[in-house]
Amino acid sequence: MPSGALRADLMLRHEQGDWVLHHGPTRHRGGRAVIVPLLLDLIAASSAQPRAERALHRAPSFTGQRPSLMGAFLPECFGALALLGEISAATCFMLAETAARVRVTPWRGIVLDRTVEAPDLMTDPKDSRKDLIACPGKGGCAHALSPTRQDALSLASALSGRSLHVSGCAKGCASRGLSDVTLVAREAGYDLIWNGTVADRPVETGLGIADVRRRLHRP
C-alpha cells in the first residue's frame, strides 16, 4: 500500500535511506538524534494547543491513486470498505464469530482472509457509495445542521462516478480535500460547490436535497 496516500498531522517515513518527518507541508530530514526530539516537541506543542489549526489541513492533498482493495485481489485477501467509514457492532460480532483474520487499512476499509457480506461493508469496486464522505451529521454532532449521512446515501445513485462530500457545517471535519461535489449545510439549506472543498465559494446556496439531485442529473 502506498504510504504516500496517507495524510496526517505528523508522519514519519523512511525515504531513500533517511528518516523524514512530515509536519503539514514541512519536511524535516535527519537521523534519529534530530528527528526523535523534534517529533516529541511537535507532539507536545500540538497537545498543549488542541484548538490550534491542524497541520494536516495545511498538508498537500494526495494526488496519486489509492488501491481499491475491494473484493478478492490476492490469494486469501478479500477487501471491504466500511460504508461512510463506520462498521456496526453487529458486523464486528459477525467477523469475530467467523474467526476471520482482519487487517485494517488507512482508507476506511479492512482486508480479510475470506469472503464476507454485511450491509455496512462494500465489496464491489463499482459501488457508487464508495465515493461518499460525510460527517456524523445532525443527531451525531451538536454543530451539524443536516442529516448528512442520510442525504449522502440518498444522492449516491445520481453521482455517475463523481465523488461527494456532505458536511453538516462549515468546518468540514470529515474532509478538507477536493471532491467533485461538496455540500455544506447552512440554516437555510445546502451550499453547492463543484470541484472544490468546503472552503471554496459555492455556486448556489439554500438548496434542498431534491434541488441537489436535479443539479446532479443535469448533463
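The hydrophobic cluster containing Ile209 also contains Leu164, counting ILVMFWY residues as joined when their side-chain heavy atoms lie under 4.5 angstrom apart, directly or transitively. Linking ILVMFWY residues whenever their side-chain heavy atoms come closer than 4.5 Å, directly or via other members, places Ile110 and Met94 in the same cluster. Both Phe73 and Trp107 belong to a single network of hydrophobic side chains, linked directly or stepwise wherever heavy atoms of I, L, V, M, F, W or Y lie under 4.5 Å apart. In the hydrophobic cluster analysis, where Ile, Leu, Val, Met, Phe, Trp and Tyr join through side-chain heavy atoms closer than 4.5 angstrom, Leu145 is grouped apart from Val212. There is a path of hydrophobic side-chain contacts, each under 4.5 Å, that joins Leu153 to Tyr190.
Using a distance-only test at 3.5 Å, with no hydrogens or angles considered, no donor-acceptor pair links the side chain of Arg186 to the main chain of Thr205. In this structure, Thr182 contributes its side chain and Gly196 its backbone to a donor-acceptor pair below 3.5 Å. Although no hydrogens or angles enter the test, the distance criterion places no donor-acceptor pair under 3.5 Å between the side chain of Ser146 and the main chain of Gly168. Without hydrogens or angle criteria, Asp200 side chain to Thr197 main chain gives a donor-acceptor distance under 3.5 Å. In this structure, Ser88 contributes its side chain and Thr91 its backbone to a donor-acceptor pair below 3.5 Å.
Side-chain contact between Leu95 and Leu112: present, with at least one pair of heavy atoms (C-beta onward) separated by less than 4.5 Å. No side-chain heavy atom of Ile193 sits less than 4.5 Å from a side-chain heavy atom of Val203. Contact check for Arg215 versus Leu192: side-chain heavy atoms found under the 4.5 Å cut-off. The shortest side-chain heavy-atom distance between Val20 and His28 does not fall under the 4.5 Å cut-off. Between Arg103 and Thr105, every side-chain heavy-atom pair lies at or beyond the 4.5 Å cut-off. Side-chain contact between Leu121 and Ile87: present, with at least one pair of heavy atoms (C-beta onward) separated by less than 4.5 Å. Using a 4.5 Å heavy-atom cutoff, the side chains of Leu84 and Leu132 are in contact. Side-chain atoms of Leu159 and Ser128, non-hydrogen and from C-beta on, never get closer than 4.5 Å to each other.
Salt-bridge check for Asp180 with Arg162: failed, with every basic side-chain N at 4.0 Å or more from each acidic carboxylate O. Salt bridge annotation for Arg114-Glu76: absent, with no cationic side-chain nitrogen under 4.0 angstrom from a carboxylate oxygen. Checked for salt-bridge contact, Asp127 and Arg129 meet the test: a charged N lies under 4.0 Å from a carboxylate O.
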* Dump the intermediate steps for side chain to side chain contact (heavy atoms under 4.5 Å, CB included) on Asp191 and Leu183, then the final yes or no. => CA-CA 5 Å; Asp191 288 353; Leu183 300 177; over 6 Å; no
* Using the side chain to side chain contact (heavy atoms under 4.5 Å, CB included) rule, take Leu81 and Met70 through it: C-alpha gap first, then chi angles, then the decisive distance, then the call. => CA-CA 7 Å; Leu81 293 185; Met70 297 178 72; 3.7 Å; yes
* To do: Evaluate the criterion side chain to side chain contact (heavy atoms under 4.5 Å, CB included) for residue pair Val34 and Trp19; output intermediate values, then yes/no.
  => CA-CA 10 Å; Val34 174; Trp19 285 104; over 6 Å; no
* **Chi angles and distances behind the side chain to side chain contact (heavy atoms under 4.5 Å, CB included) call for Val198, His165** => CA-CA 9 Å; Val198 294; His165 173 204; 3.6 Å; yes
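Distance check: Lys138 NZ to Cys169 SG gives 13.0 Å after rounding to the nearest 0.5 Å. The CG atom of Leu69 sits 12.0 Å away from atom CZ of Phe78, with the distance rounded to the nearest 0.5 Å. We find the CZ-NZ distance between Arg176 and Lys171 to be 9.5 Å, quoted to the nearest 0.5 Å. In this structure, CG in Leu216 is found 11.0 Å from CG in Asp211, a value given to the nearest 0.5 Å. For the atom pair CZ of Arg213 and CG of Asp151, the computed distance is 9.0 Å after rounding to the nearest 0.5 Å. In this structure, Arg27 CZ and Met11 CE are separated by 9.0 Å, a value rounded to the nearest 0.5 Å.
Between Leu83 and Pro119, the closest heavy-atom pair is CD2-O, 4.2 Å. In this structure, Glu86 and Arg149 approach most closely via the heavy-atom pair CD-NH1, 3.2 Å. For Cys135 against Thr148, the heavy-atom pair with the smallest separation is O-OG1, 2.7 Å.
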